[in-house]
Amino acid sequence: MLKTILIGFGNIAANYADDIFMQKFFRYSTHLQVLKDHPDFYLKAIVDKNTVALNKAKSLGTIPEIKQHIDELDDPNEFEVVILAIPPEGRIEIINKLPKIKAIIFEKPLATDIKDAQEIIDLCQKRGIIAEVNFPRRFDEKVLESLNKLPNDLGPLQSAFAIYGNGINNNGSHLLDLTRMVIGDCKWVQSLANGLCDHISPIKNDLNIPFALGFKNEVKLLVQVVQFDFYREIYLDLWGTKGRLSFLQEGLLSAYSSLKRHRFSEYDYELENDNRLISLMGQSNAMYNLYDYLKLKIDNKDFSNKNLIHSLEVIEIIKKIEVSFLRKDERIFL
């Protein structure tokens, strides 16, 4: 078993696993739940500055080391895997204090700016560290299955629409990562905020603004914002020539509308939007699949870290959107 350290126990790890509503849909909603069950990873230590979180961790009675600071670890050299479930600032400093690690799982985003993200990638490549970012949709088998069916079910994309909230760097990064998986490489971005935004997000100085993206395949995506105080959503809606596919309820479900003869216009067609096929996605096990994938890469000595490059591209898109906002909604090319 790989000796693992979880840095950042916090509110999510401490409370999600006890949430009875969460348990109905997510077998694995926290790193702690995965580490408890996965046969290849041994959770040897938890580090968190929050004393309430540490007391929660201590109450589990199964973690040998529970520390408030990384400098308090008995032996930093023994850890092979680190889970960085903390805000993106200061991650390089922590990595440098764990000299023997083979692999890292980062909570999103990888970093808050391009420079830091590139430094993390370079450091991982230099030290031969295998790394992944916890974007669960990448490891959702049902999502991946849906993407493989896109050419047949949707045909060429015509339009795309999306919703996010609680910060473009925060939840917006999930949306943009999925968008890249589905639509492809982005060519330009444009804020549509007209100078208006809010900064509600767990990430400092984050933005909530509407924006548009243009892709190399000429598809355009329009994105709007909702306030999570009213309801939560991360939503992607794809309109093809043969059907419509939506990922909704924050990726928990998909909804597919097939093409049929128009009900009142004799020579036309319609999408059967009042009879959509609703499917449960695989988010329940996606985080566990992430650990499986990481272990496979460790065994195969796969140091390509291609998903880190994809995460950097998501950050680049976000930074360009922020520039567009500051430049009064100017269109910015990547």
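Summarising the local packing, NZ of Lys102 is surrounded by 12 or fewer heavy atoms from other residues, nucleotides or ligands at distances under 6.0 Å. Within a 6.0 Å sphere centred on NZ of Lys260, heavy atoms belonging to other residues, nucleotides or ligands number more than 12. Residue-environment remark: CZ (Phe333) exceeds the threshold of 12 foreign heavy atoms within 6.0 Å.
At a threshold of 4.5 Å between side-chain heavy atoms, the hydrophobic network of Ile, Leu, Val, Met, Phe, Trp and Tyr places Leu157 and Tyr269 in two separate groups. Under a hydrophobic clustering in which Ile, Leu, Val, Met, Phe, Trp and Tyr are joined whenever their side-chain heavy atoms come within less than 4.5 Å, directly or via other members, Val47 and Ile92 fall into the same cluster.
Nearest heavy-atom pair across Gly167 and Asp206 is CA-OD2, 3.2 Å. Contact record, Phe325 with Leu207: CD2-CD1, 3.9 Å, taken as the closest heavy-atom pair.
Each of Ile183, Val219, Leu221 was scored for a side-chain contact (heavy atoms from CB on, under 4.5 Å) with Leu213, with one residue passing: Leu221.
Pairs engaging residues 32-73 under the ring pair (Phe, Tyr, Trp, His ring centres under 6.0 Å) rule: His38-Phe41, His38-Tyr288, Phe41-Tyr291 [sequence neighbours left out].
Side-chain polar atoms of Asp37 and Gln33 form no donor-acceptor pair below 3.5 angstrom.
The closest donor-acceptor contact from the side chain of Asp140 to the backbone of Gln283 lies under 3.5 Å. Remark: side-chain polar atoms of Ser246 are not paired, donor with acceptor, to backbone N or O of Arg244 under 3.5 angstrom. When atom types are taken as modelled, the side chain of Lys319 and the backbone of Thr112 share a donor-acceptor pair closer than 3.5 angstrom. Put simply, the side chain of Asn208 gets close to the backbone of Ile200: a donor and an acceptor are under 3.5 Å apart. Checked by atom type and distance alone, the side chain of Tyr164 pairs as donor or acceptor with a backbone atom of Ile209 at under 3.5 Å.
Salt-bridge check for Lys297 with Glu132: passed, with a basic side-chain N closer than 4.0 Å to an acidic carboxylate O. For Lys320 and Glu316, the salt-bridge test fails: no basic side-chain N is under 4.0 Å from an acidic carboxylate O.
In this structure the side chain of Phe247 never reaches within 4.5 angstrom of the side chain of Arg137, judged on heavy atoms.
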Exercise. Could you go through the salt bridge (Lys or Arg N to Asp or Glu O under 4.0 Å) check for Arg263 and Asp274 one step at a time?
Key: CA-CA 12 Å; Arg263 67 192 71 191; Asp274 54 347; 2.7 Å; yes
Practice problem: Take Glu250 and Asn171 through the side chain to side chain donor-acceptor pair (under 3.5 Å) test and state the conclusion after the steps. | Solution: CA-CA 9 Å; Glu250 300 185 69; Asn171 287 324; 5.6 Å; no
